[in-house]
Amino acid sequence: MASHGTDVDLVAVVVHRGRAALVGAGARLAGSVPEVASAMVTAASTSRPRFVWWSARYAGELVAAVASPLPRAWDLAEAHRILHGGWKAEPGRVWAAAHALPLSSMPEASSGDLFDFSAGDELGPDDLTRSDGHLRADAASGWLESDARLLRWAEAALECAALQRDRAETLGPRIVGTIHSESAAALMCLELEAGGLPVDRAVLEDLIGGFAGPRAASEEAAVAARRARDAEVLRHVPGRESTDLRNPQQVRDMLAGVGVDVPNTRKWVLDAYRHVHPVVDALLTWRKAERIATTYGYRWLDQCVGPDDRLRGGWSACDGAAGRMTAENGLHNLPAALRSGVAAHGGHVFVRADLGQIEPRVLAVVSGDPVFAEATRADDLYAPVASRLGVERPVAKVAVLAAMYGQRSGAAGEALKGLERAYPVAMGLLDRAYESGVRGEPLRTFGGRLVPTGRFLAQSPIGTNPALDAARGRFARNAIIQGAAAELFKAWAATVRALGAPLGAQIVLCLHDELLVHAPADRADEVATLVDRALADASRRWAAGAPVRFVADTSVIQRWSDAKP
DNA sequence: TTGACCACGTA
DNA sequence: CGTACGTGGTCAAC
């Protein structure tokens, strides 16, 4: 428990325009970035403190200088998101929440004004806070022009961290640990952005060419190629060649003209009409190619894949809902058809691992249902559930998923009743979450992240629109599972990162329940073992004694497509 | 230029 | 399509 207690020193570091400051554990200094980074290395090697920053993004320069050993962190922005919910976490908001100041009086984001009269008094040039307690609006930007102010800024960070930690400890037993893990995830996001995902550019070029055709030599050629692709669909509907395939309303009218009457033109609707009229199949084939051409085409390749054949995009440690990681530039939604273009570089392999049936296993932990926990001892959790319910496995699976996600279609009814009888603790937790959502009340995930459920309330109050009430309920029920799964995943990833670094292993993709680690080929087996051990360690810490088993499917591959589906 | 909607890829 | 995300298309309102 040492790492969770208050016996670990907090040391705040801040950086602004090439200057930096460090305050805490008896140290207090300002200087150049290298000077402060050096002080961090010294501190890290002596007392193993936890470094505090307003956001990993602000501290990136310093963090990069302390590559090893990996620093422990308290990320004020991530802690704020966990403690108070929502996604906005700029310093003024973090400060206000930590000090329990009303948001209504918080100054607007930095305006760059020299004076700030909104607190009703004159702000001295060296005052960090106003008379009402809020940070001055330009605290994090223009104000930081001297070393003295940088030191004051670091002290403020330290103060916020202490307040956040006190609050976290009163809210529940796991929140401090969640903040530690989340802070590590935010650091990992910086590394993911810098490192990128290794790709095989030639293969990607070929794949894109197969869908979108060869690179157009000119703008005219691009237009001609586009028309040619469109014509492959439009030739099936003589007399309607002027239909704009990119306009869903026109497509709907065109389909109605050939007897295909649909409420919308979404793929899962049109799938049923593939054999009714040849234009449907042609349209869906066109859509797939169009997606590649527009979103994952040559423009994407040129802009997002660097000269070192790494695909890069922005990463965020949590979304604004339950707390899953997000990524940009296709890193989280790369079509399966392009995955053979994601390949380990020379002398390296991918160690790929995904968590099996993570969401029902997570439900067993967060609900504390001893009977459901028993089912997680099986490699296939749905087998014991099916046998207990006296139904076939596919029925049990649909019922469990329906219970967790609130699926309304399909025939899960009888099995759902069986679930209520067999696992009343787990089902009871889901029901309570649903009701919280219906009422618009916030809830906390297992790790303690506050999840607001006030969505849609602006457009219609509780009870006035049953569909929106139910949508909030489903959101809440899903959030406690999805959010807890994200917490376990991040704890796992952070452990893999820490254990893998000495072997030269680098996490290059985090995909909700899947990890892709780029590792030297001669260390592949070690890294694969480490990934599994990291899951055992992380899940034991995270589940804190719950008798729930987590399983990973781990393999060593050259291309992402080599993985099982 | 911006925001709404549609559509669709991933988990 | 149960939830979530990011992206790019068109269209209407600026």
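In what follows, chains carry the letters A, B, and so on, assigned in the order in which the sequence lines appear, proteins first and then strands, with residues in each chain numbered from 1.
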- Check whether the side chains of A/Asp532 and A/Thr554 place a donor and an acceptor atom closer than 3.5 Å, and report yes or no.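 Per modelled atom types, A/Asp532 and A/Thr554 side chains form a pair under 3.5 Å.
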
Identify each atom pair where a protein N or O and an N or O of nucleotides 11-13 of chain C are less than 3.5 Å apart, giving names and distance.
from	atom 1	to	atom 2	distance (Å)
C/dC11	OP1	A/Asn247	ND2	2.5

- Message: Just to be sure I understand the rule, does A/Arg299 reach a base, reach only the sugar-phosphate, or reach nothing, if contact means heavy atoms closer than 4.0 Å?
- Response: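 Sugar-phosphate contact only - A/Arg299 comes under 4.0 Å of backbone atoms but never of a base.
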
- Task: With the side chain of A/Arg246 defined as its heavy atoms from C-beta on, choose the nearest nucleotide among B/dA7, C/dG9, C/dT3.
- Result: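 Closest nucleotide to the A/Arg246 side chain: C/dG9.
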
- In whole angstrom, give me the gap between the P atoms of B/dC5 and C/dC1.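 It works out to 15 Å between them.
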
- Can you list, by residue number, the residues of residues 216-234 of chain A that have a non-hydrogen atom closer than 4.0 angstrom to DNA chain B?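 Listed by number, there are none.
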
Below 3.5 Å is the cut-off: list the nitrogen or oxygen pairs between protein and nucleotides 2-5 of chain B, distance only.
none

Please enumerate all residues that pass salt bridge (Lys or Arg N to Asp or Glu O under 4.0 Å) together with [X], with sequence neighbours excluded.
| X | value |
| --- | --- |
| A/Glu514 | A/Arg352 |
| A/Glu241 | none |
| A/Asp308 | A/Arg312 |
| A/Arg444 | none |

- Message: Short of 4.0 Å, heavy atom to strand atom, which residues of residues 425-447 of chain A count as contacting DNA chain C?
- Response: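 Within this stretch, nothing sits under 4.0 Å of the strand.
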
- Query: So A/Phe489 and A/His512, ring pair (Phe, Tyr, Trp, His ring centres under 6.0 Å) or not? Walk me through it.
  - Reply: CA-CA 7 Å; A/Phe489 178 83; A/His512 307 315; 7.7 Å; no

Provide, to the nearest angstrom, the distance between the [atom1] atom belonging to [X] and the [atom2] atom belonging to [N].
| X | N | atom1 | atom2 | value |
| --- | --- | --- | --- | --- |
| A/Gln357 | B/dA11 | CD | C1' | 15 Å |
| A/Arg352 | B/dA11 | CZ | P | 9 Å |
| A/Gln303 | C/dG8 | CD | C1' | 13 Å |

- Task: Give every residue pair that meets the ring pair (Phe, Tyr, Trp, His ring centres under 6.0 Å) criterion with at least one member in residues 446-468 of chain A, sequence neighbours excluded.
- Result: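 Checked against ring pair (Phe, Tyr, Trp, His ring centres under 6.0 Å) - neighbours excluded - the pairs reaching residues 446-468 of chain A are A/Phe446-A/Trp542.
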
- What residue pairs, at least two apart or across chains, pass ring pair (Phe, Tyr, Trp, His ring centres under 6.0 Å) with a residue in residues 242-282 of chain A?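 Of all non-adjacent pairs touching residues 242-282 of chain A, none passes ring pair (Phe, Tyr, Trp, His ring centres under 6.0 Å).
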
- Message: On the six-membered ring of A/Tyr434, is A/Arg474 placed so that its NZ or CZ lies under 6.0 angstrom from the centre and within 45° of the ring axis?
- Response: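 No, A/Arg474 and A/Tyr434 do not form such a contact.
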
- Sequence neighbours excluded, which residues qualify as side chain to side chain donor-acceptor pair (under 3.5 Å) partners of A/Ser242?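 For A/Ser242 there are no side chain to side chain donor-acceptor pair (under 3.5 Å) partners, ignoring immediate neighbours.
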
Check nucleotides 8-10 of chain B against the protein and report each pair of N or O atoms closer than 3.5 Å, with its distance, or say if there are none.
from	atom 1	to	atom 2	distance (Å)
B/dC8	OP1	A/Arg287	NH1	2.7
B/dC8	OP2	A/Lys267	N	2.7
B/dC8	O4'	A/Arg291	NH2	2.7
B/dG9	N2	A/Asn333	ND2	2.9
B/dT10	OP1	A/Ala336	N	3.1
B/dT10	O3'	A/Arg339	NH2	2.8

